Colleague: 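Can you keep this structure in mind? I'll have questions shortly.
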Amino acid sequence: MDEIKTVFDLACGSVSQLPLTPEDRVIRRQARDELAATARAEQLAAIDTRLAVLDRQAIRPLRALATGTPSAEDTATLAALEAEAQTLRDERGGLLAASAPD
């Protein structure tokens, strides 16, 4: 199926449907690539923000661990934070690999 574009001629008020030219296809592909790159950048920023939050949440349990006074809750909190952080690091790595040039 051929892709078409809708062209509006405001001077005479007509609407036409025309097949895409090779240039139209290039422009459309560039726009899709730019949108994908923007979405990846936003996802990476969100991941980086969440990783920073996880680091801050680990400070108190790590302090207890460093002073030799960790509770079971401190240990469980650190394990949960690290599990989430590892998932986010894996997701981040996947996004970076997907955006790397071939």
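Predicted model only: the values in this text are computed from it and were never measured. No hydrogens, no waters, no symmetry mates; every other heavy atom, side chains included, goes into these values.
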Colleague: Output yes when a side-chain donor or acceptor of Thr69 lies under 3.5 Å from a complementary backbone atom of Leu65, and no otherwise.
Modeller: no
Colleague: How long is the straight-line distance from CD1 of Ile47 back to CD of Glu91, given to the nearest 0.5 Å?
Modeller: 4.0 Å
Colleague: Got a second to check how far Gln43's CD is from Leu95's CG, nearest 0.5 Å?
Modeller: 5.0 Å
Colleague: Identify the two heavy atoms, one from Pro61 and one from Ala58, that lie closest to each other, and give their separation to 0.1 Å.
Modeller: CD-O, 3.3 Å
Colleague: For residues Ile4 and Leu18, determine if any side-chain heavy atom of one lies less than 4.5 Å from a side-chain heavy atom of the other.
Modeller: no
Colleague: Report all side-chain donor-acceptor pairs from residues 27-37 shorter than 3.5 Å, counting only partners two or more places apart or in another chain.
Modeller:
from, atom 1, to, atom 2, distance (Å)
Arg28, NH1, Glu3, OE2, 3.0

Colleague: Measure the CG-CD distance between Leu81 and Gln86 for me, rounded to the nearest 0.5 Å.
Modeller: 13.5 Å
Colleague: What are the two closest heavy atoms between Arg40 and Ser99, and how far apart are they?
Modeller: NE-CB, 3.1 Å
Colleague: With rounding to the nearest 0.5 Å, note down the distance linking CZ in Arg25 to CG in Leu20.
Modeller: 5.0 Å
Colleague: Kindly write out the residues that satisfy salt bridge (charged side-chain N to carboxylate O under 4.0 Å, His left out) with Arg89, not counting sequence neighbours, or none if the list is empty.
Modeller: Glu82
Colleague: Taking the side chain as every heavy atom from C-beta outward, state whether Thr38 and Glu42 have any pair of such atoms under 4.5 Å apart.
Modeller: yes
Colleague: State, yes or no, whether a side-chain contact exists between Arg56 and Val53 at a heavy-atom distance under 4.5 Å.
Modeller: yes
Colleague: Test side chain to side chain contact (heavy atoms under 4.5 Å, CB included) on Val7 and Val15 and set out the steps.
Modeller: CA-CA 6 Å; Val7 179; Val15 177; over 6 Å; no
Colleague: Would one find more than 12 heavy atoms of other residues, nucleotides or ligands at under 6.0 Å from atom CD of Glu73?
Modeller: no
Colleague: Can you check side chain to side chain donor-acceptor pair (under 3.5 Å) on Asp24 and Thr21, steps first, answer last?
Modeller: CA-CA 5 Å; Asp24 292 332; Thr21 65; 3.1 Å; yes
Colleague: How long is the gap from CG on Leu54 to CG on Leu88, to the nearest 0.5 Å?
Modeller: 6.5 Å
